[in-house]
2 protein chains.
Amino acid sequence: MSERITWLNDLIRLEILLWERVDARLRAAHDLPLARFQTLHALADGPLRVGDLAQRMSITVGGASKVTDRMVTLGLLAREPDPTDRRASRVTLTAAGRSALDAATGTYAACLAEIVDPALPAADRQRMHELVRRLLTALDGG
Amino acid sequence: MSERITWLNDLIRLEILLWERVDARLRAAHDLPLARFQTLHALADGPLRVGDLAQRMSITVGGASKVTDRMVTLGLLAREPDPTDRRASRVTLTAAGRSALDAATGTYAACLAEIVDPALPAADRQRMHELVRRLLTALDGG
DNA sequence: CTGTTTTATCTTCCTTGGAATATTATTCTG
DNA sequence: CAGAATAATATTCCAAGGAAGATAAAACAG
């Protein structure tokens, strides 16, 4: 019973600590908090509608709308009208957003590698990712 | 490079989704959000000073101070003066806090089991916990 | 013992994101 | 096509926690 609690507690704590570390590094190196990096990354493969962005980031639509607002203000994103649905807008990376993403991606990977690699060899990292994926699939088909 | 990002992204998303599910269940069954449950659980083994509570929960001291305020108002926690240091206060469970914790613990474990067990057999859950622990140890010696 | 430094906590301001609601556009029914 | 139902987004209000500064008590230097 209590192992269950420890199990999730530890997972949550891990996520918090990893987030803090990577966030601090990205802020220091690129003035780009991790939350913004993630938004950029979600849009790397092309524009998304606000709702799809929300889903990909596991936040609410309202939240995604506001994230978009802020990052449009910062010049990292742009809203363009969806040609097929005038209610919707397609959120897209600006040139500045794209280059912020490109610049930060290396920092992100390096920082994470610095933390994770000494603790887990490649096989274990791989195994862990696979376990996470299996749980994600069970949770939302993703 | 990009696998690194997916690796952490997936971990973060998993944490968000698990949090949401368990949080919703605890709210529904006990009117006790997961953040409060975690606070109660952190204090289950005995009183802690605010700073120690903060550390155990991986939040800031200021945050812990405010969590304590709210939960004192709710009657779940109490502050008692630390006999050895008049700057500090020892945060402790009230009877109501203890019984809320006891009641919610079963719900928490059951909810988590419902989600995790179909996706991961016991051996994998165990393995995953061990990987998480190894990373935590690397991150903060915990 | 007095002044400085450190420690533990609290407080204020700010950002973030959720919940609920409003708004506007689309789709569907008849 | 008119009206109702639905869908996509935006907006308002609220709770939570971080950062930085403010207190208050303790520890320490002399």
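What you see below is based on every heavy atom in this structure, not just the backbone, and it leaves out hydrogens, waters and symmetry mates. Chain letters run A, B, ... following the sequence lines, proteins first and then strands; every chain starts at 1.
- At the heavy-atom level, A/Gly62 lies under 4.0 Å from base atoms of the strands shown.
- The interatomic distance linking A/Met57 (CE) with C/dG18 (P) rounds to 10 Å, in whole Å.
- Map A/Gly63 and A/Asp85 each onto its nearest nucleotide of DNA chain C; the residue landing nearer the 5' end is A/Gly63.
- The existence of a salt bridge linking B/Asp117 and A/Arg4 is confirmed by a sub-4.0 Å separation between a basic side-chain nitrogen and an acidic carboxylate oxygen.
- Toward the 5' end of DNA chain C, the nearer of the two residues A/Ile59 and B/Lys66, judged by each one's closest nucleotide, is B/Lys66.
- Between the C1' atom of D/dA25 and the CZ atom of B/Arg90 lies a distance of 17 Å, rounded to the nearest Å.
- We find that CG of A/Asp82 is positioned 14 Å from C1' of C/dT24, with the value rounded to whole Å.
- The shortest distance between the side-chain N/O atoms of B/Arg70 and the OP1/OP2 oxygens of D/dG17 is below 4.0 Å.
- Of the side-chain N and O atoms in B/Arg86, one or more sit less than 4.0 angstrom from OP1 or OP2 of D/dA26.
- In the set D/dT9, C/dT9, D/dG17, C/dT9 carries the atom at the smallest distance from any side-chain atom of B/Ser89.
- Taking 3.5 Å as the limit, the base of D/dA26 and the side chain of B/Arg87 contain no donor-acceptor pair of atoms between them.
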### Worked check of salt bridge (charged side-chain N to carboxylate O under 4.0 Å, His left out) between B/Asp23 and B/Arg27
CA-CA 6 Å; B/Asp23 183 61; B/Arg27 281 173 195 268; 2.7 Å; yes
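- Between B/Arg79 and C/dC10 there is a side-chain polar atom (N or O) within less than 4.0 angstrom of OP1 or OP2.
- As judged by a 4.0 angstrom heavy-atom cut-off over every strand, A/Arg36 is placed among residues touching the sugar-phosphate backbone only.
- Among D/dT9, C/dT9, D/dG17, the nucleotide with an atom closest to any side-chain atom of B/Val61 is C/dT9.
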### Task
Evaluate the criterion salt bridge (charged side-chain N to carboxylate O under 4.0 Å, His left out) for residue pair B/Glu114 and B/Arg25; output intermediate values, then yes/no.
CA-CA 12 Å; B/Glu114 255 174 53; B/Arg25 182 74 68 90; 2.8 Å; yes
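- One atom, CZ of B/Arg27, and another, P of C/dA19, lie 8 Å apart when rounded to the nearest Å.
- One atom, CG of B/Asp69, and another, P of D/dG17, lie 12 Å apart when rounded to the nearest Å.
- Projected onto DNA chain D by closest heavy-atom contact, A/Arg49 and A/Glu20 fall at different nucleotides, the more 5' of which corresponds to A/Arg49.
- Between B/Gln55 atom CD and C/dA8 atom C1' there is a gap of 14 Å when expressed in whole angstrom units.
- The interatomic distance linking A/Trp19 (CH2) with C/dT15 (C1') rounds to 13 Å, in whole Å.
- Nearest heavy-atom pair across A/Val132 and B/Leu14 is CG1-CD2, 3.9 Å.
- Taking all atoms of both residues into account, the shortest heavy-atom contact from A/Leu77 to A/Thr68 is CD1-CA, 4.3 Å.
- Between the P atom of D/dA10 and the CG atom of A/Leu53 lies a distance of 11 Å, rounded to the nearest Å.
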